[in-house]
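Only one structure is covered here, and it is reproduced in the block below.
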Number of protein chains: 2
Amino acid sequence: MVLCVKLVNANYVFRALADPTRRAIFEQLTRQGEQTVHALTHYAGVSQPAVSKHLTVLKRAKLVQHRREGRETHYRAQPDALAPMVDWLRHYGAFWRDRFDRLETLLERMEP
Amino acid sequence: MVLCVKLVNANYVFRALADPTRRAIFEQLTRQGEQTVHALTHYAGVSQPAVSKHLTVLKRAKLVQHRREGRETHYRAQPDALAPMVDWLRHYGAFWRDRFDRLETLLERMEP
DNA sequence: ACAACTCATAACCGTACGGTTATGGTTTTG
DNA sequence: CAAAACCATAACCGTACGGTTATGAGTTGT
């Protein structure tokens with residue numbers, strides 16, 4: 001069951017980041033921290049409703065969280081939600097998996 | 001110019017892996033190595049033309065390569081093409097970036 | 001030579017997607 | 001209190017997407 005949830009969420013994450021506008025919004029939130037919808041709209045170059053819908057998709061993937069403050073909503077990135085994508089890359093991205101495994105091996109050799 | 005190409009290709013990679021069927025095909029190629037379209041069709045559970053189209057999308061993202069051999073085409077995964085996605089995660093996935101940076105720091109401390 | 005196999009492409013279809021404008025609810029400001 | 005600001009949702013639209021069946025080109029086997 002937990003696995004199922006993880007897979008479904010991985011789907012949401014992959015789909016959410018497939019759109020360049022959504023990636024740009026997430027990048028902006030990562031770089032600049034919390035932002036209002038207004039600020040994000042100004043940045044994204046599309047209409048405010050479009051931004052709201054993108055934020056909904058990112059929210060579904062748990063890539064962003066929001067905090068109401070009066071009439072404005074502040075969104076912030078939730079980079080932990082990228083974990084399913086990172087896990088997937090660990091499994092199927094041989095190129096980077098090898099690199100990671102080497103580092104992990106080094107770590108293990110150091111720790112004891 | 002190189003940056004532009006990289007960005008475009010990152011777009012292709014993200015879009016290609018957004019579809020679960022395409023991810024499944026890529027995963028299968030990663031696990032089992034080279035496969036014919038016929039074998040992939042049997043595995044994917046969709047029609048052969050659908051598989052061909054998915055392979056075209058993966059090819060555009062350079063995630064697979066193909067090799068003609070008589071009447072059959074053998075496809076294989078090209079995990080190096082995941083690099084743009086890994087790079088993106090390094091930039092914007094704070095969660096995993098921190099972890100990576102820690103490992104890199106340890107590496108640097110060891111080397112000298 | 002002919003039948004069967006493998007694959008890519010074309011043609012088509014329903015739907016999901018990304019965008020827009022319009023609207024309404026809530027909150028701040030004058 | 002009225003007006004303006006902020007945001008989410010609804011309604012709508014064109015198009016891209018993922019799937020199908022049909023077809024044709026190239027290759028293999030009998």
Side-chain angles (χ1 to χ4, degrees), chain A residues 7-29 32-78, chain B residues 7-29 32-78:
Chain A
L7 284 178
V8 168
N9 193 255
N11 247 309
Y12 285 152
V13 172
F14 274 97
R15 294 200 82 80
L17 296 178
D19 182 73
T21 304
R22 239 141 32 206
R23 277 204 306 281
I25 290 174
F26 182 81
E27 293 165 10
Q28 177 73 356
L29 288 175
Q32 305 289 340
E34 253 190 18
Q35 302 271 325
T36 68
V37 176
H38 185 68
L40 289 173
T41 298
H42 190 73
Y43 168 77
V46 293
S47 68
Q48 173 264 313
V51 172
S52 274
K53 288 207 290 185
H54 283 310
L55 288 169
T56 299
V57 175
L58 290 169
K59 206 185 330 178
R60 188 181 58 179
K62 302 190 195 305
L63 286 165
V64 298
Q65 287 186 349
H66 61 118
R67 170 176 68 82
R68 294 290 307 276
E69 184 175 322
R71 62 182 164 182
E72 46 196 8
T73 313
H74 296 255
Y75 280 83
R76 62 181 177 282
Q78 190 72 32
Chain B
L7 283 178
V8 168
N9 194 256
N11 247 308
Y12 286 153
V13 172
F14 274 97
R15 293 198 82 81
L17 296 177
D19 181 73
T21 303
R22 238 138 37 205
R23 276 204 307 280
I25 290 175
F26 182 82
E27 293 166 8
Q28 176 73 356
L29 288 175
Q32 306 288 342
E34 252 191 18
Q35 303 271 325
T36 68
V37 175
H38 184 68
L40 289 173
T41 298
H42 189 74
Y43 168 77
V46 292
S47 68
Q48 173 264 314
V51 172
S52 274
K53 288 207 289 183
H54 282 310
L55 288 169
T56 299
V57 175
L58 290 169
K59 206 185 330 176
R60 189 181 59 178
K62 303 191 194 307
L63 286 165
V64 297
Q65 288 187 348
H66 60 116
R67 170 176 68 84
R68 293 291 307 275
E69 186 175 321
R71 61 181 165 184
E72 47 196 7
T73 312
H74 296 255
Y75 280 87
R76 63 181 176 283
Q78 189 73 32

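Side chains are part of it too, since the values below use all heavy atoms of this structure and drop only hydrogens, waters and symmetry mates. Letters go in sequence order (proteins before strands), and every chain restarts at 1.
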Answer yes or no: does a side-chain N or O of A/T56 lie under 4.0 Å from OP1 or OP2 of D/dA8?
->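 It does not, given that no N or O in the side chain of A/T56 lies less than 4.0 Å from OP1 or OP2 of D/dA8.
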Is the phosphate of D/dA8, meaning OP1 or OP2, less than 4.0 Å from a side-chain N or O of A/Y75?
->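 Yes, such a contact exists.
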Euclidean distance, atom NE2 of residue B/H66 to atom P of C/dA8 [Å, nearest integer] |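 Atom NE2 in B/H66 sits about 8 Å away from atom P in C/dA8.
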In whole angstrom, what separates A/H74's NE2 from D/dA5's P?
->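 Spelled out: NE2 on A/H74 to P on D/dA5 is 17 Å.
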Side chains of [X] and [Y], heavy atoms from C-beta outward: is any pair under 4.5 Å?
X     : Y     : result
B/Y75 : B/Q35 : no
A/R22 : A/V57 : yes
B/R76 : B/L29 : no

With a 4.0 Å cut-off on heavy atoms, is A/S52 in touch with a base, just the backbone sugar-phosphate, or nothing at all?
->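 Base contact.
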Donor-acceptor under 3.5 Å (B/R23 side chain, B/L17 main chain) =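 A pair under 3.5 Å: yes.
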For B/R67, which residues count as a salt bridge (charged side-chain N to carboxylate O under 4.0 Å, His left out) partner, sequence neighbours excluded?
->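 If we apply the salt bridge (charged side-chain N to carboxylate O under 4.0 Å, His left out) test to B/R67, skipping adjacent residues, the hits are B/E34, B/E69.
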Base versus backbone protein contacts along nucleotides 10-21 of chain D [heavy-atom cut-off under 4.0 Å; B, S, -] = -------SSBBB
Which letters describe nucleotides 24-30 of chain D, given B = protein heavy atom under 4.0 Å from base, S = only from sugar-phosphate, - = neither?
-> --BBS--
